[in-house]
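Everything on this sheet refers to the single structure shown next.
Lettering of chains follows the sequences in order, A, B, ..., and the numbering in each one begins at 1.
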There are 4 protein chains.
Amino acid sequence: MISSAPQALKPRKRPQQRRASATVDAIFEATIQLLVKDGLSQLTTTRVAERAGVSVGTMYQYFPHKQALIYAVNERYLDRLAERVEATCREWQGNPAGDMVEALIDTYWHTKTEKPDVTRALYRSVVEMDNEALISAFAVRTDAAITAMLASASDNDGSDARSNTRTLVTVIFGAVRNSFERGHSGEVAEDLRRQLVIMCRAYLDRHGR
Amino acid sequence: MISSAPQALKPRKRPQQRRASATVDAIFEATIQLLVKDGLSQLTTTRVAERAGVSVGTMYQYFPHKQALIYAVNERYLDRLAERVEATCREWQGNPAGDMVEALIDTYWHTKTEKPDVTRALYRSVVEMDNEALISAFAVRTDAAITAMLASASDNDGSDARSNTRTLVTVIFGAVRNSFERGHSGEVAEDLRRQLVIMCRAYLDRHGR
Amino acid sequence: MISSAPQALKPRKRPQQRRASATVDAIFEATIQLLVKDGLSQLTTTRVAERAGVSVGTMYQYFPHKQALIYAVNERYLDRLAERVEATCREWQGNPAGDMVEALIDTYWHTKTEKPDVTRALYRSVVEMDNEALISAFAVRTDAAITAMLASASDNDGSDARSNTRTLVTVIFGAVRNSFERGHSGEVAEDLRRQLVIMCRAYLDRHGR
Amino acid sequence: MISSAPQALKPRKRPQQRRASATVDAIFEATIQLLVKDGLSQLTTTRVAERAGVSVGTMYQYFPHKQALIYAVNERYLDRLAERVEATCREWQGNPAGDMVEALIDTYWHTKTEKPDVTRALYRSVVEMDNEALISAFAVRTDAAITAMLASASDNDGSDARSNTRTLVTVIFGAVRNSFERGHSGEVAEDLRRQLVIMCRAYLDRHGR
DNA sequence: AATGAATGAGGCTTCATTCAT
DNA sequence: GATGAATGAAGCCTCATTCAT
């Protein structure tokens, strides 16, 4: 769990019955759909409830306020993303660093690209102040996984792992986001991904492997 | 001017007299201050006017809606940033590509870092829907400048310039933003900048120079 | 029972079994505690049920609405208060009127003072519309008892009993409440009580004894 | 001014133009009417604005929240009441104490009786928590005036003025309120007022004049 | 008989925008 | 031109009450 969620943003109660769990899922789904369709500024509690097919009251039984809802949606999204990154990191333990990074880029890129509109919508919604806690929790988690992976590289040369990881992570995550913001797609996006791999590999090589 | 601004977002009239221009500046300044202090969601027209020392009515003389204000603030900011990038590009015409990229990173990084809170605040405020036009206009403009610069590189090898530029730009701009989001500062930020230079140089080298 | 309670406010069913009665008591207790802690405006049915350790559903089994609950709590309180007043009145039958009034003041004062926060909380909660019925029922009952007592005074001079009783009752009950509102306590409250006795005795004396 | 109003309850801005002042008056008037008609629990900001013939927005320009409105209404009422009490106190300086008290009772009683429904409605609305500040401010002010008056009594015998004032004030104010709560009126109320005068005079006499 | 999830009307409040002065 | 009081739609959220389990 990413949740080092600030108290104020915690969900009110975890869904315990099957029905409740379905309700919460419907709320999540509705939120994402609306975020995709109209953006954060048009997202109202009423509309979310309506689309989720529940009453506002019910929604407020699970989320103490709108913020908490947005927070939870992003939390779930980042949780899944982090899981995938971690899985990739585990999978590539002991391989050459270059291959690791390529795998990492692939995983991250594909996950983000699967539902590009959702990705875009959430990128935008996270901006809201307190969600920074989320971002940093995500960073901590992925950094750890990636650092561990790189440390196990078959061609590990002992150069500054902290700095390397940070650089790679910042570049990869940053580039992907920027690519989304610029609306790259299809050929262009694909080329960029390849170039990113080349660039990261070059970086690792240059660094003395 | 970056403006391929959607008609609706254009300021109602361009400030032409000295006094008017001073008013607009005060409004810009007030907006940025409030954005830094409380974020977009707390930004109200009344508060901006108050802090700018003008009446709401007057403010509406210059900006037909709140959106237009936010838009204009970001436009101005991106304009200046683009100018700096262009200047750097002009300045380094004909030099080795590696030096060009290093200069580019320096310029971009320093401009963003000068007033980190303003940078952060604006990064957040751009999220608003229609501002995408801005971002893409900025992209077009900087891409052109950078492409031109790279084309003049003393060690230009004729490899795909479009793709290279796109990659470098996306990586650099993306990494900087991500670094901001992660709250890097001081030593860490400085190291990242150096690594970014190394990475980009490695990329260019690998590409057949 | 005081109840000339408007039909709508009557509890749905009178608690008859031991367990039910315990439930009702728990609900009363919870209500009073919350009234004391947060006041009427913060009192919600959910909170009462929670604190009483029953479900809302159960609570609604005993009280058809929130009003009925508030009503019942006050009814019980006033019932007990009236009982004490009546007991005092019975006890002092046939004594000098001055002593009667002193005893009455003592009883009333002490009962109110025993749990000052409860008293205060209930004074506040009675404000609700329909509870006026309660107040007047209480008035009728105590007036009767006091009138009867005074009629039996050993120094009864036959002066207008109705008027005398009314005056004494209004003054005593009113003064006590006012004293509460002003937040008198300790020394001050004690002095006031003594003065009140003096005043009432003076009134009776002056009236031709 | 009674206002030692807790910051949170202060009006947002004092009406400065003629029009604004009329607006505020209309709001006051509307509030009182609704309080009389339906009681505090039915008082909604929308209804007040509607009846006052202004928009909610306007109302909120003068009162930061509902509480502040209720507060202000009571403040104004108590201000006027206090003024009358003070006037009476000034007027009767140097007279016999018994006459003073009779005058005081008359003033207080008549003021309260002028618009009995308003009196009753406000008695009820003051109960709301934070308005206690008001009550105590009123108490301080009237206590001072009455103490000063009694000190000037032509038959002042130097007995404990603090205690005497407190007793008289608590009894008079308390009895009047209680009388309202019991719904006395006409003959009954008039008799009570006379009896109250008799009682207070008796109290003063007994005390050694 | 008890439970507590679900409901949804309706309350409070904000704030972009207008327009009479 | 500038002002800022007034507007009112619309957002967020609560809570008394119901009813399927």
Look for any protein N or O under 3.5 Å of an N or O in nucleotides 8-10 of chain E and output each such pair with its distance, or none.
unit_1	atom_1	unit_2	atom_2	d
E/dG8	N7	A/G57	N	3.4

If I take atom [atom1] in residue [X] and atom [atom2] in nucleotide [N], what distance separates them, rounded to the nearest angstrom?
X: C/R51; N: E/dG4; atom1: CZ; atom2: C1'; answer: 20 Å
X: D/Y60; N: F/dA10; atom1: OH; atom2: P; answer: 18 Å
X: B/Q67; N: E/dA16; atom1: CD; atom2: C1'; answer: 12 Å
X: C/Q42; N: F/dA16; atom1: CD; atom2: P; answer: 11 Å
X: C/L40; N: F/dC15; atom1: CG; atom2: P; answer: 12 Å
X: B/I27; N: F/dT3; atom1: CD1; atom2: P; answer: 10 Å
X: A/L43; N: F/dG11; atom1: CG; atom2: P; answer: 11 Å
X: C/M59; N: E/dA2; atom1: CE; atom2: P; answer: 14 Å

Task: Earlier contact from the 5' end, DNA chain F, for D/V54 and B/G53 - done: B/G53

TODO: Starting from the 5' end of DNA chain F, give me the residue, A/T45 or C/R47, whose nearest nucleotide shows up first.
DONE: A/T45

Open item on the list: Any side-chain N or O of D/Y62 below 4.0 angstrom from OP1/OP2 of F/dA6?
Closed with: yes

Answer yes or no: is there a side-chain heavy-atom contact under 4.5 Å between [X] and [Y]?
X: C/V73; Y: C/S125; answer: no
X: A/I32; Y: A/R76; answer: yes
X: D/R47; Y: D/K37; answer: no
X: D/L40; Y: D/I70; answer: yes
X: A/D117; Y: A/Q33; answer: no
X: B/Y60; Y: B/T45; answer: yes

Open item on the list: Once pairs are restricted to Watson-Crick or G-U wobble with both distances under 3.5 Å, how does DNA chain E read as a dot-bracket string, [ ] for crossings and | for other-strand pairs?
Closed with: .||||||||||||||||||||

- [ ] Look up atom CD in A/Q61 and atom OG in A/S55, then write down how far apart they are to the nearest 0.5 Å.
- [x]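 Taking CD in A/Q61 and OG in A/S55, the distance rounds to 8.0 Å.
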
Task: Spacing of D/F28 atom CZ and D/D25 atom CG [to the nearest 0.5 Å] - done: 7.5 Å

- [ ] Indicate yes or no for a side-chain donor-acceptor contact from A/T58 to the backbone of A/V54 under 3.5 Å, with no hydrogens or angles considered.
- [x]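 Checking the backbone N and O of A/V54 against the side chain of A/T58, no donor-acceptor pair under 3.5 Å is found.
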
